[in-house]
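Reading through the structure tokens given below for one structure.
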Amino acid sequence: MKLSERILNGDTLTKEEAYHIFTDKTVDTMMLVNEAYVLRKHYYGHKVKLNMILNAKSGICPEDCGYCGQSREMKEKQRYALIPENQITEGAKVAAEHEIGTYCIVMSGRGPSDKEVDHIKASVERIKAEHPQLKICACLGLANDKQAAKLKAAGVDRYNHNLNTSEAYHQEVVTTHTYQDRVDTIETMKAHNISPCSGVICGMGETHQDIVDMAFALKKIDADSIPVNFLHPIKGTKFGEMDALTPMRCLRILALFRLINPSKEIRIAGGREVNLRSLQSMALMVANSIFVGDYLITGGQPNQLDYDMIKDMGYEIDYNKEVCTH
């Protein structure tokens, strides 16, 4: 029986089986993509969800994340405090006009102050009043119960806090907070009925086992949305000279994440343009979601190329046409 048939019949891969499939060179990557496509088509048809990022606060961060151009080690990069409320709402207007389903408000830093949460809360309330169909994802760092309650009350639909890597490799990526800190924030949001979004960054020197462990960790926390980032090396960071990815390896990683998390929204996130290159459209056979536009401090490709890619694949945009209620 094919992998996809097994999974659709209720079977799940074990870690050992997933590792074997991922590392066995006799298992063709395009075969894995095809198996993943069966699952993607079953759960999402030919729909593609679009997401847009707003970098609402940049730099000014005490953390030492080895991949990040906004970390404390990168003081020369762009730095600005939380932007005014009208700029946040204007970004939402742009998102709504371009068939973006989810608008992601992102802040740098370890976590938000209560004052910053109040600022985001007021902004989201305005956005929901003006664009009720637009889903709002907040990505503000480590957060507590009180802050989660405020975000939920404002209308935040989803909270992003990536695991980024495996628990075993975490200390190689960042030392200023723990892996458990990240898990705890996700669980806090889930406790307040905010949809959990959590993903990874591949290409930072992790092993095959680390990648398998990441996929299973996201299955364990039951992340609704899984952004798979491929390292876009930034000079001056710990991983600034890393170049460990190929387009085919990226496809293999995406297929693995779909096989382990078959019904979840899997998003091709940061670094897709520089790592998948000419195979970006193939990745849509596995993933059902992409970011459109620029990322935090790295650029994406022109929006029209994404719209053309979706159309050329015979897919269509999955836009939230129904009003979200809370």
Side-chain angles (χ1 to χ4, degrees), residues 49-62 68-70 75 77-144 146-161 185 189 192 194-195 197 225 227 267 269-270 289-304 306-307 317 319-326:
K49 297 182 179 181
L50 303 184
N51 305 259
M52 189 180 97
I53 291 176
L54 173 75
N55 192 8
K57 177 185 174 184
S58 185
I60 319 174
C61 183
C68 185
Q70 301 183 80
K75 293 183 174 60
K77 295 294 182 180
Q78 58 178 319
R79 293 161 59 87
Y80 51 83
L82 186 57
I83 62 176
E85 187 178 318
N86 67 325
Q87 287 184 242
I88 297 175
T89 56
E90 181 60 28
K93 181 174 182 284
V94 172
E97 290 172 349
H98 289 81
E99 295 188 288
I100 304 297
T102 302
Y103 180 55
C104 307
I105 303 170
V106 184
M107 281 176 47
S108 63
R110 181 179 177 85
S113 67
D114 289 342
K115 183 178 179 180
E116 287 173 327
V117 169
D118 288 340
H119 186 90
I120 297 295
K121 179 177 182 292
S123 301
V124 172
E125 288 171 341
R126 278 185 56 188
I127 292 169
K128 284 295 184 178
E130 296 169 8
H131 310 287
Q133 82 289 348
L134 192 62
K135 288 188 177 180
I136 302 298
C137 179
C139 179
L140 315 179
L142 303 175
N144 58 41
K146 179 182 175 183
Q147 294 171 333
K150 285 185 177 182
L151 294 172
K152 177 63 178 179
V156 168
D157 301 283
R158 179 167 285 170
Y159 196 90
N160 168 260
H161 200 58
T185 291
M189 295 300 158
H192 288 270
I194 297 176
S195 172
C197 172
S225 180
R267 185 179 321 126
S289 179
I290 62 171
F291 277 117
V292 174
D294 294 336
Y295 300 95
L296 294 175
I297 60 170
T298 58
Q301 66 185 18
N303 290 13
Q304 191 58 48
D306 289 328
Y307 291 106
I317 295 169
Y319 187 51
N320 305 318
K321 294 181 181 178
E322 296 181 4
V323 174
C324 299
T325 58
H326 299 275

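Note: hydrogens, waters and symmetry copies are ignored here, and every other heavy atom, side chains too, is used.
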For this session: Scan I105, V106, N55 and name whichever one has a side-chain contact (heavy atoms from CB on, under 4.5 Å) with C139.
Result: V106
Seminar exercise, completed: By salt bridge (Lys or Arg N to Asp or Glu O under 4.0 Å), E125 pairs with (sequence neighbours left out) K121
Exercise. Between Y307 and E99, is any side-chain donor less than 3.5 angstrom from a side-chain acceptor?
Worked result: no
Exercise. What heavy-atom pair brings H119 and S123 nearest, and what distance separates the two atoms?
Worked result: O-OG, 2.9 Å
Exercise. Has the side chain of E130 got a donor or acceptor atom that lies under 3.5 Å from a matching backbone atom of I127?
Worked result: no
Problem set entry | Donor-acceptor under 3.5 Å (Y80 side chain, A56 main chain) | no
Seminar exercise, completed: With sequence neighbours left out, the residues meeting side chain to side chain contact (heavy atoms under 4.5 Å, CB included) with D118 are K150
Exercise. Does one side chain, of S58 or Q70, offer a donor that lies under 3.5 Å from an acceptor on the other?
Worked result: yes
Exercise. With sequence neighbours excluded, what pairs up with C61 under the side chain to side chain contact (heavy atoms under 4.5 Å, CB included) test?
Worked result: E63
Problem set entry | Minimal non-hydrogen separation, V124 against A154, with atom names | CG1-O, 3.5 Å
Can you give me every donor-acceptor pair (side chain of residues 91-98, partner residue at least two apart or in another chain, under 3.5 Å) with its distance?
{"residue": "K93", "atom": "NZ", "partner": "E97", "partner atom": "OE2", "Å": "2.9"}
{"residue": "H98", "atom": "ND1", "partner": "V94", "partner atom": "O", "Å": "2.8"}

Problem set entry | Validation row: H161, L142 side chains within 4.5 angstrom (heavy atoms) | yes
Exercise. Do D114 and Q147 come within less than 4.5 Å of each other through their side chains, counting heavy atoms only?
Worked result: yes
Problem set entry | Under 3.5 Å: donor-acceptor pair, side chain of Y159, backbone of T185 | no
For this session: Look up atom CG in L140 and atom CD1 in I120, then write down how far apart they are to the nearest 0.5 Å.
Result: 5.5 Å
Exercise. Is the shortest heavy-atom distance from the side chain of D306 to the side chain of F291 under 4.5 Å?
Worked result: no
For this session: Take K152 and D157 through the test salt bridge (charged side-chain N to carboxylate O under 4.0 Å, His left out) and record every step on the way to the result.
Result: CA-CA 7 Å; K152 177 63 178 179; D157 301 283; over 6 Å; no
Exercise. Does the side chain of P227 reach to within under 4.5 Å of the side chain of N160, using non-hydrogen atoms?
Worked result: yes
Exercise. Rounded to the nearest 0.5 Å, what separation is found between the CG atom of L54 and the OG1 atom of T89?
Worked result: 10.0 Å
Exercise. With a 4.5 Å heavy-atom cut-off, do N51 and V292 have their side chains touching?
Worked result: no
Problem set entry | Nearest atoms (heavy-atom pairs only) where L134 meets K128 | O-NZ, 2.8 Å
For this session: Identify, with sequence neighbours excluded, every residue that meets side chain to side chain donor-acceptor pair (under 3.5 Å) alongside H192.
Result: D145
Exercise. Quick one: do the R267 and S225 side chains pair a donor with an acceptor below 3.5 Å?
Worked result: yes
Exercise. Is the shortest heavy-atom distance from the side chain of I194 to the side chain of L151 under 4.5 Å?
Worked result: yes
For this session: Write out all pairs satisfying salt bridge (Lys or Arg N to Asp or Glu O under 4.0 Å) with one or both partners inside residues 49-62, taking only residues at least two apart or from two chains.
Result: K49-E265, K57-E116
Exercise. Are any of the side-chain heavy atoms of L50 and I290 separated by less than 4.5 Å?
Worked result: yes
For this session: Taking the side chain as every heavy atom from C-beta outward, state whether Y319 and Q133 have any atom pair closer than 4.5 Å.
Result: yes
